[in-house]
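Residue numbers begin at 1 in each chain, while the letters A, B, ... track the order of the sequences. These numbers come from a predicted model, not from an experiment.
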Amino acid sequence: MEHYIVQWKSVVAARLNAFAREKGLLGYRLSPYEIVAEKPPKPELGDIGFPLFSYAKQFRMAPAQIALEIANREHDMRADNVGRDWPGNLKAVGPYLNVYLDRTQAVDYLLAHSEESSWGTSSLFNGRKIMVEFSCPNTNKPLHLGHLRNNVLGESLARITAAAGAEVKKVDLINDRGIHICKSMLAYLAYGENRSPEDEGLKSDHFVGKYYVLFNKLKEEDPQAEQKAQELLQKWEAGDPEVIALWKKMNDWAVEGIMATYRRQQVSFDEFHFEHDTYKLGRKEVLDGLARGVFYRGEDGAIWIDLEDLGLGKKVLLRKDGTSIYITQDIGTAIMRHERWPFDELIYVVASEQQYHFKVLFEVLRRLGYDWAANLYHLSYGLVNLPSGRMKTREGTVVDADDLIDELTRLAAQEIVEKDRSEAVGDIQSVAEKIALGALHYFLLQISPNKDMLYNPEQSLSFTGDTGPYIQYMGARASSILRKYEQGEGNASRGTSGAALLASDADWPLVRLLLELSSTVEQSARTKDPSILAGYAHGVASEFSAWYRDNPVLNNDDANLSASRVALVRAVQSTLRRASELLCMPFLEAM
RNA sequence: GCGUUCGUAGCUCAGCUGGAUAGAGCGACGGACUUCGAAUCCGUAGGCCGCAGGUUCGAGUCCUGCCGGACGCACCA
């Protein structure tokens, strides 16, 4: 259904236009889209506020005067509400025109729809095919905290985009070739003695990562190590069977381990692309572009593009020897993807360090004549830093993904025991891991994607305050009330729920907030920013917390009031459940 | 040097297309568990929104300059 703000914008536009005609302002016509609406700072000021300052000039009247003129029209008032989903009253409040929604009708709507599977969805992106590329790990080491941010951003964005109506395809490009893998291989040859991850008791990707780190040791012992890694890469490209076999063995270990972390983090993909398949793609496109004069061959023999006019300098697209580089394969991969699944938008979730790369990539595709290049989007997110600065592999300051989830799970399990909730939650380990994911994902999503973020271990391991577990806790409390109701506690089952009983000042802030789920999902989808939804989820939890403190649900003598409040708690549960799902936070009935 | 981006309370962060008195959490201090779960709630203290101009009826938000941080400016990915 149309959002109430959208509806009332058109009412205000119609009224302003009518007033303009009365005043003889011919040709003056406002569209609803031009109307500025905002949320009044206090509930007693109404539900929507329309500032009228900007109309003062045209009407040659003070804004407060216009507000009075527009608000006090009885017959308009009736007309406004005919056939409307969101009836209400207009009042002049100083220079503002404020809408007071009919609360009973709004509650009716909430109770009628919040249990539906479509709750929190929208039709904003109906009919659009949107591809989201994220994660894209290297196969020489396990995932770290930076990947966790990438993964949850991509997964959450995909879910939000789908909730906004799009058909979404999640894709992952596994970087399974290149010099970094050769380094792990070389170190394994030097120190591995043909051992397997099982032999060393390590998760397979950690095993591979261990040898990547050992490459540094190798370099100290063998000054030729870098050189040898290069040779290994050349042998790999030449298809040397022995090298390929080793690569396959180590690569499978790495990928297997990475997939296990995905499952644990509850992120998934519809398609995997592997760089060893895609790295040769794009070469033909670049040569075609050369033939058509889009690119040029430099004196060095390599193929270049000149982007000086855009301030992007010159960039090599294909080496002198005809081999591909990073951008070559990205060109080919994008084209291949669009051919197979003609998307309306392709979102690359990649760290901000690669902004230049994507500017160049998109421009190359545009100049090659692909008009869909305009629909490519780089969702650039900031780096995750430590209080001591950037994570560095060599200094061993990298926060490992599996270790972090382990640690969070351990702490959550400890909390469960300390709070004496072991019996109530049942499977402690399973619930603890869900709390850990809630804490981790909320921590990573609450910050605007474009900002660098600080990972402060102490703070991020906290489960109190503005955290995922706080939201999970409120969901669990709502669930607990509903569970008791089902078990027959209180006298709500003897009463009848009625919207009018939930229209008081005490209920209204919560009701109105719950009604904003779908528009918040839309806003998050439009701006590609899950942090907006994260803030909303926290707001709902916090509002619910304040509400149920003051408004007894089951312990209530009035059976009808009790039944009505149970219905509202259902709406809260449903809303928190939906928001949590979109934020990759497991919803818990008990914790 | 050039480009991108960030700068809001002691710390970590919100603040939607410019609109009503700039908000949370943590930390500090003081309160609330014989009533639906205290991973909670209530209260107090804490702000030249980096600085200086400009646009506007109105600027934390837009523009310009400066200061400070991050990232980028590879035939690496």
Can a donor-acceptor pair be found, under 3.5 Å and without considering hydrogens, that links the side chain of [X] to the backbone of [Y]?
X	Y	answer
A:N556	A:P552	yes
A:Y473	A:M591	no
A:S524	A:D529	yes

Does [X] have a side-chain nitrogen or oxygen under 4.0 Å from the phosphate oxygens OP1 or OP2 of [N]?
X	N	value
A:S480	B:G37	yes
A:S380	B:U4	no
A:N556	B:C36	no
A:R549	B:A38	no
A:Y326	B:A77	no
A:K419	B:A39	yes
A:R477	B:A38	yes
A:K42	B:A20	no
A:K484	B:G37	yes

For the pair A:E516 and A:K39, find out whether any cationic side-chain nitrogen is under 4.0 Å from an anionic carboxylate oxygen.
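Counted as a salt bridge, because a side-chain N and a carboxylate O are separated by less than 4.0 Å.
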
Less than 4.0 Å between a side-chain N and a carboxylate O, is that true for A:E407 and A:R410?
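Salt bridge present between A:R410 and A:E407.
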
Nearest-Å distance once atom [atom1] is located in both [N] and [M]:
N	M	atom1	result
B:A24	B:C49	C1'	16 Å
B:U17	B:G54	C1'	22 Å
B:C16	B:C62	C1'	16 Å
B:C11	B:A77	C1'	36 Å
B:U35	B:U40	C1'	15 Å
B:U55	B:U61	C1'	14 Å
B:A70	B:A32	P	47 Å
B:A22	B:A45	P	15 Å

Give me the ring orientation class for A:W236 and A:Y279: parallel if the planes are under 30° apart, tilted from 30 to 60°, perpendicular past 60°.
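Tilted: the ring planes of A:W236 and A:Y279 meet at 30° to 60°.
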
Ring geometry between A:F358 and A:Y348 (parallel below 30°, tilted from 30 to 60°, perpendicular above 60°):
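A:Y348 vs A:F358 ring planes: tilted.
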
What's the closest nucleotide to the [X] side chain, out of [options]?
X	options	result
A:Q329	B:G19, B:C16, B:A77	B:A77
A:K451	B:G7, B:C13, B:A39	B:G7
A:N175	B:U12, B:A77, B:U40	B:A77
A:M453	B:C13, B:A39, B:A20	B:C13
A:Y356	B:G72, B:C57, B:A77	B:G72
A:A302	B:C75, B:A39, B:C41	B:C75

Base, sugar-phosphate or nothing for A:A476? Non-hydrogen atoms, less than 4.0 Å.
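Here A:A476 touches the bases of the nucleic acid.
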
Under 4.0 angstrom, heavy atoms only, what part of the nucleic acid is A:L317 near: base, sugar-phosphate, or nothing?
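No contact.
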
Suppose we call two aromatic rings close when their centres sit under 6.0 Å apart. Are A:H180 and A:Y212 close by that rule?
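Distance test on ring centres: not under 6.0 Å, no.
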
Residue mapping more 5' on RNA chain B - nearest nucleotide basis, A:L97 or A:H538:
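So the residue in question is A:L97.
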
For A:Q446 and for A:L318, locate the closest nucleotide of RNA chain B by heavy-atom distance; then report the residue assigned to the nucleotide nearer the 5' terminus.
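The 5'-side residue here is A:Q446.
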
Value in whole Å for how far the [atom2] atom of [N] lies from [atom1] of [X]:
X	N	atom1	atom2	value
A:R390	B:G69	CZ	P	17 Å
A:E353	B:C73	CD	P	9 Å
A:K315	B:A77	NZ	P	9 Å
A:I303	B:A74	CD1	P	19 Å
A:Y96	B:A20	OH	C1'	4 Å
A:I305	B:C75	CD1	C1'	15 Å
A:I447	B:G7	CD1	P	12 Å
A:W547	B:C36	CH2	C1'	10 Å

So for A:D300 and B:C75, does any side-chain atom that can act as donor or acceptor lie under 3.5 Å from a complementary atom in the base?
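In this structure, the two groups form a donor-acceptor pair.
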
Strictly by Watson-Crick or wobble contacts shorter than 3.5 Å, is anything paired with B:C29, and which nucleotide is it?
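Answer to the pairing question: B:G43, which forms a Watson-Crick or G-U pair with B:C29.
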
For A:Y470 and B:A39, are the ring centres under 5.5 Å apart with planes inclined under 30°?
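Not stacked: fails the 5.5 Å / 30° test.
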
